[in-house]
Amino acid sequence: MSRDPETIMRSQMVRDLIGTGRRRDHRSLGQMRPLVVETGIIAQADGSARVRLGGTELVVGVKLMPANPYPDHPDEGVMHTGIRLSPLASPSFDRDLDVEATEIARVVDRGIRHSGMIDMKRLCISPGERVWGLYLDIHVLDHDGNLFDASTLGIVLSLRGLAFPNSRFGMGEDSPVPLGEMPVTLTFAKVAGELILDPTAEEEGVSDGRITMTIDPRGWVRAVQLGGCGHFTPEEVKRAHQLARSSAEVVRGSLR
Amino acid sequence: MSRDPETIMRSQMVRDLIGTGRRRDHRSLGQMRPLVVETGIIAQADGSARVRLGGTELVVGVKLMPANPYPDHPDEGVMHTGIRLSPLASPSFDRDLDVEATEIARVVDRGIRHSGMIDMKRLCISPGERVWGLYLDIHVLDHDGNLFDASTLGIVLSLRGLAFPNSRFGMGEDSPVPLGEMPVTLTFAKVAGELILDPTAEEEGVSDGRITMTIDPRGWVRAVQLGGCGHFTPEEVKRAHQLARSSAEVVRGSLR
Amino acid sequence: MSRDPETIMRSQMVRDLIGTGRRRDHRSLGQMRPLVVETGIIAQADGSARVRLGGTELVVGVKLMPANPYPDHPDEGVMHTGIRLSPLASPSFDRDLDVEATEIARVVDRGIRHSGMIDMKRLCISPGERVWGLYLDIHVLDHDGNLFDASTLGIVLSLRGLAFPNSRFGMGEDSPVPLGEMPVTLTFAKVAGELILDPTAEEEGVSDGRITMTIDPRGWVRAVQLGGCGHFTPEEVKRAHQLARSSAEVVRGSLR
Amino acid sequence: MATRGAEQGRTDGRSDDEIRPIRLHAGVLNNAHGSAYIEWGKNKIMVGVYGPRRPSRQELLRSDRALVRCTYNMAPFSVSDRKRPGRDRRSLEISKVLSEALTNAVLVERFPRTVIDVNVEVLEADAGTRCAALTAASVALADAGLQMRDLVSACAVGVVDGRIVLDPSRDEDNFGDGDMPVGILPSSGEIVLLQMDGALGPDQFGAALDLGVEACRRIHALQRDALLVRYGPERASRIEKPHFSGYEDTDNIIMDDEADPPVWGEEAIR
Amino acid sequence: MATRGAEQGRTDGRSDDEIRPIRLHAGVLNNAHGSAYIEWGKNKIMVGVYGPRRPSRQELLRSDRALVRCTYNMAPFSVSDRKRPGRDRRSLEISKVLSEALTNAVLVERFPRTVIDVNVEVLEADAGTRCAALTAASVALADAGLQMRDLVSACAVGVVDGRIVLDPSRDEDNFGDGDMPVGILPSSGEIVLLQMDGALGPDQFGAALDLGVEACRRIHALQRDALLVRYGPERASRIEKPHFSGYEDTDNIIMDDEADPPVWGEEAIR
Amino acid sequence: MATRGAEQGRTDGRSDDEIRPIRLHAGVLNNAHGSAYIEWGKNKIMVGVYGPRRPSRQELLRSDRALVRCTYNMAPFSVSDRKRPGRDRRSLEISKVLSEALTNAVLVERFPRTVIDVNVEVLEADAGTRCAALTAASVALADAGLQMRDLVSACAVGVVDGRIVLDPSRDEDNFGDGDMPVGILPSSGEIVLLQMDGALGPDQFGAALDLGVEACRRIHALQRDALLVRYGPERASRIEKPHFSGYEDTDNIIMDDEADPPVWGEEAIR
């Protein structure tokens, strides 16, 4: 965890550049990286997607399986979001990443859950006895920052066209899973006093904090997470909120 | 684990003092430290107590929940005693304490279990199917020695007035849990050839062993544990037994 | 993991000796070490054996207990093979051995399972509901190489005369477990270009790989495992196969 | 901030911008280098700080600053159903966000290659534990005598029946439409803890944030008071062990050291 | 090798000595020092290599050579029933045999006191994952620029209805009579991976081994091609991210960077 | 000591102060630096000692003495229901009390900064395993050639139907009223292992303790004998591997090295 002079100099350069409104990959501060998406890639998953957001790459697989409901929510399905920060995705993943992985999975989970994209009551098979378990597993293959936004995108795209696999469990014909509108997650890093959208790993490394917001189609905030030892003025948070709302609209439009 | 000269000198001083019948906190060798007890402090527990024994402080919370009986004891409740040696309680708790915690929990558990304070058969709901699970959880907040005695006290006081929470589980009205007489645990350290009651952490650190006895109201021994690389002559053990019996009477009288 | 000069010299000596067709314990290259076997040594196990193969010693205990079948094999019993590389068995067992233990247990398990010695369908009690669980536990007490062969032997001998413990579970009278013919496992190390049977720990340490084969009474191969960073020409593998077949016959004959 | 109050139905009769009763004490543990105890509504939380010190696992260290390592733990009896002991995903995440928020408050660059352990023990949980823990934790850090940039003051904002309310109770949290814990550095006004889930309309978000920040300033006054009691002109000369609040009206202190301490076993033994 | 082919009923219509379709790409990850992606039948496997480097746990190191440490992991969604995340006994064993096989291929004595991490992620499993992983792993090691003695080429041999067949599919593996993965160093022809379970008659064993070794040579040609695409005269100038094959006929690429990348949020934000 | 004997009903016909049959052998393992095997009733326990040596985790070490680290483990097949492998709370506690008791017996100050590992493997359990383990462990320590202050000799005392009995059997332990394992340093008579649960009347405690101490002296004689066999004038020239007792009358040794060892595979192979 010691930092050599070269790293320190490069960090300063990244900061200085952003201070003048520019970024090392020639994006403007509010610009996302190019996105490539493939879906339906895992035959044994009920839904799947591969997302490449600049140098960040991940695969999401979704499974539906009968499960027991929670006693305090007998008529609702159960949902689990997991993430694997595979050691092949970054040289810095050569250690225990429980805490990092847990935060990402939980923040992404909250955004999906509270957006209403999935009505958990529609995942009920027999109240109090049997419900659908919805397993959302994220598998990170290349880490170049902003795993939050790519993960939510991957999940949302994997859910599209999802069907209850009734036939696989001897429960009749498959039927479509009703889905609400998709949430979009947007992450900003604070560098040199500026908010930059969709930070790379390098930008995250020099940032003074990160703020992640999940926005639903009505523009409502569904999840927020400040992180990375961040400190933001209330005005910066509100500005991030405005930027997130407008960016979410653009993302949503692009994917339709 | 190396010992600096100051620690060695202080240890010698503690030993020398005890060799002359005195202790650093001005207690006599057979004197317990002041005790402060509060009960009914955790609304969400079925019973609770906070015990301060000199500089040692802990909280006990008791929960009753329906559970499955053990196959070989179909008509008896199940009881679990756990302890958390929270890292805030001592600078020496900055490491894996499984072994220490396990010993304390098991010794205290045996004393409670064998004292007959709780008749496990009275915790049966439906033989072979459903019984009450009694969870005794000890949470140590400040460690200044003698966790055994403080833990038993905390459990016993938490159990007083315990009721089956039938209403919480839709099983009718709450009803009192029948309780037998309370056991008392007394711990002696052997320092400079003397047996000292209720040792502090410092005294435990210089001791040549520890002996812990749980005594029921009839004066019967219900649990014994020698520890701390201790070596005691049979006469010392018998003397500890006599001292424990008389001290238990005094403790029991004080708390009534 | 650094190697002192003495170790390097001794390793060279072992290799040189084998290059001339000799071994430090005066065996020829294709000779097994003396074998001592005791059975019926653990009263609380349903079957048990102690195997000493030269300086290698282990105990196997077998237990039968009712269990749930796997959903995809409702009419078959379940079998579990475990091994404990007890730290008392070797100075090198003073560390995490999960990987080594797992490989041995799985290779031995495959040999037993695929040999047909046990017909898993005969372990079914009530299809889809209740089957026998067969637990094969290997306990290594002295490690001087070739745990594979000794483990298979120990299991096979523990299984001989095995009875369903129906009476212990209130299911009527005990009845014999039908058994097929016994498999034999043979392990070769490659040292100085030679294949040597039943290697000692020292020989394993200087070897260029290990090949383990389990052979059934008809001479069929039931399991193979190459290990120890081994590299074998196809001819060497075929030669090991021939040697394993003939050696298996001899072992089988000796034990009958 | 307009308050609409109890007639519109907060379950415990509070007005919308009213915080539950809080008791906060600094310097309550003997062994910990710094400590604080907070009762916030029915939450009961103990925080103990050790450090700066060297950890056993050297690879954790940073050459340029101290590592603030917060461990949030809930007692098994702190919630309605007994919680299995040990860390879970929720406490891992809370530990992380608390660690990050507190890193902003401590002058971590003064203590390179060390660790500052902040141990949070939730003895009873009643919604808002992370804000209560953060509030107490920065008092415990100050009590440990660590050089600090600022305290961290925290309070949650909730959404109940579409209304923005301060410091939601357990019922409001469970059945409400949103929960947003906010933590600030009071002197700069910067936000160092911000989480949210639920639903906040585009116009509500800013208002909720402002309400939370304002509440944090009220919390800050309580923190100052707690430190004044301990370190002010009439400073407490020793560790004070405040009584815990009982949950029934009856006196829950069944034996106190205010009274003559019973000298047990004394005559019996000597 | 006589082939009896589809009329005797391989479920997917292959002849007995026919390998499933394979796509193999080198240099597909940005961060990993070397990488490869393989689709073999419906298997989809990604391999990333880091090293030689110093691990955090020094006690693992060997003074005379590098430690090749392969970690084989299956994604929860890679198999029919969701697999619980985390290592299990099967993946531990596969990790071990792959590590040992690859140790033969790398000039490990050139990198004493280091570790070479080979991370295998199975995204979809369809029988033969360890051979596919090993084949891709040695390409990833070469892509990392490590000095190597040779590649490792692997293919499984199966027994179905008493017949020896190459590269058994999932159905053939589940209902067949035997499975024997074989991995070789193609230049010397030496075998470095060999496992087997099931039943092979005394005469079948050698024939099966020969068939496997011959198949490995075919696999070797594919590995060479993959490395040529990346490092040959018309070498790829940058990391290529090959598309994954979709499992339906429809185009599964719903947004591509071949098209003008949408510049999201740009105008909205600045 | 008055014995009331079998007519009053010990289930196995022993008198109240009678110990079950014991076989104790020193030097029974090849690799361990010291070892012992004990059969005590139906208990079968193997102990192996390594050390003094340096452990991999340096932080465990004491600068002024050796750390005696006992690991008590039960084989899955050692008890009636298969025991799940791995440590549990019971074995953790027993490991601790055995470690502490043995620390008194070894001259630990002679071996600073080292660890002495005492590995106890219970192959069959039949009540009284910790006393049997402790008895064998100190013999194994002596067999390892470690400088010792004394052995540790141990035996349990039980309460059955209100009577104090020596060395309770499994039935007596399960259905009795109390169990008190006692371990002593025979030369000084000091007690180094003492645990108890159940019920002992005020007058019974001392009597039970005396009975236990007296029994330990009998155990000590067996330990001396075992060491004499190994190290006495007619000392065993090599590791002796005693046979295990079978549980049926029939001979359980199905192949022995007393006979001409069969030279398997010899002619077949060469």
Side-chain angles (χ1 to χ4, degrees), chain B residues 21 27-46 48-50 52 55-57 59-63 65 82 84 86-91 94-95 133 135 137 139 141-144 157 168 186 195 197-198 201 243 245-251 253-255, chain D residues 28-33 35 37 42 44 46-50 53 55-56 71 73 75-83 85 115 117-121 123-126 140 239 241 243-248 250-270:
Chain B
R27 282 189 286 160
S28 64
L29 303 191
Q31 190 176 359
M32 281 190 98
R33 290 171 290 178
L35 182 80
V36 185
V37 175
E38 301 166 41
T39 57
I41 52 174
I42 308 292
Q44 303 198 53
D46 293 306
S48 56
R50 177 198 193 189
R52 288 193 270 144
T56 285
E57 174 174 357
V59 170
V60 171
V62 170
K63 289 258 190 197
M65 293 193 299
R84 174 164 167 86
S86 168
L88 62 68
S90 168
D94 178 32
R95 55 194 177 87
Y135 299 89
D137 284 296
H139 217 84
L141 297 178
D142 238 335
H143 169 46
D144 190 18
L157 294 169
R168 197 162 79 231
L186 283 312
L195 294 179
L197 183 62
D198 181 26
L243 296 176
R245 279 181 62 200
S246 52
S247 303
E249 272 313 292
V250 180
V251 172
S254 308
L255 284 177
Chain D
V28 296
L29 293 177
N30 300 306
N31 284 323
H33 299 160
S35 58
Y37 172 69
K42 287 176 190 157
K44 285 190 172 69
M46 185 71 80
V47 182
V49 168
Y50 287 92
R53 63 179 174 180
S56 47
T71 307
N73 180 66
F77 46 76
S78 64
V79 285
S80 175
D81 287 335
R82 178 173 183 267
K83 187 196 166 293
V115 105
D117 281 305
V118 181
N119 301 113
V120 173
E121 297 290 344
L123 300 174
E124 179 143 27
D126 183 40
I239 290 289
K241 294 269 184 181
H243 291 300
F244 284 16
S245 299
Y247 61 88
E248 287 179 348
T250 57
D251 185 9
N252 64 308
I253 301 150
I254 67 171
M255 175 169 296
D256 199 337
D257 53 358
E258 309 279 316
D260 250 8
V263 181
W264 297 341
E266 172 70 332
E267 83 209 271
I269 288 175
R270 282 265 143 189

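Note that these values count all heavy atoms, side chains included, but never hydrogens, waters or copies made by symmetry. Per chain, numbering begins at 1; letters A, B, ... match sequence-line order.
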Contact origin within [X] toward chain B - heavy atom pairs under 4.5 Å:
X: D/Ser245; result: backbone
X: D/Ser78; result: backbone
X: D/Val118; result: neither

Any heavy-atom pair between the side chains of [Y] and [X] that's under 4.5 Å?
X: B/Leu141; Y: D/Leu123; answer: yes
X: B/Arg52; Y: B/Arg33; answer: no
X: D/Met46; Y: B/His139; answer: no

Backbone of D/Glu121 reached by a side-chain donor or acceptor of B/Arg84 within 3.5 Å
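Looks like no, no N/O pair under 3.5 Å.
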
May I ask you to decide if B/His143's main-chain N or O and D/Asn31's side chain share a donor-acceptor pair within less than 3.5 Å?
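Side chain of D/Asn31 to backbone of B/His143: a pair is present.
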
Among the listed options B/Ala45, B/Ala201, B/Pro91, the residue most often paired with chain D at heavy-atom distances under 4.5 Å:
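Top count of heavy-atom pairs under 4.5 Å with chain D: B/Pro91.
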
Tell me which of these, B/Arg168, B/Arg27, B/Arg50, has more heavy-atom pairs under 4.5 Å with chain D than the rest.
B/Arg50

Would you call the rings of D/Phe244 and D/Tyr37 parallel, tilted or perpendicular, taking 30° and 60° as the class edges?
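D/Phe244 and D/Tyr37: parallel rings.
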
Residue selection (most heavy-atom pairs with chain B, distance under 4.5 Å) from D/Arg53, D/Lys42, D/Lys241:
D/Lys241

Under 4.5 Å to a heavy atom of chain D? For B/Ala89 that would be backbone

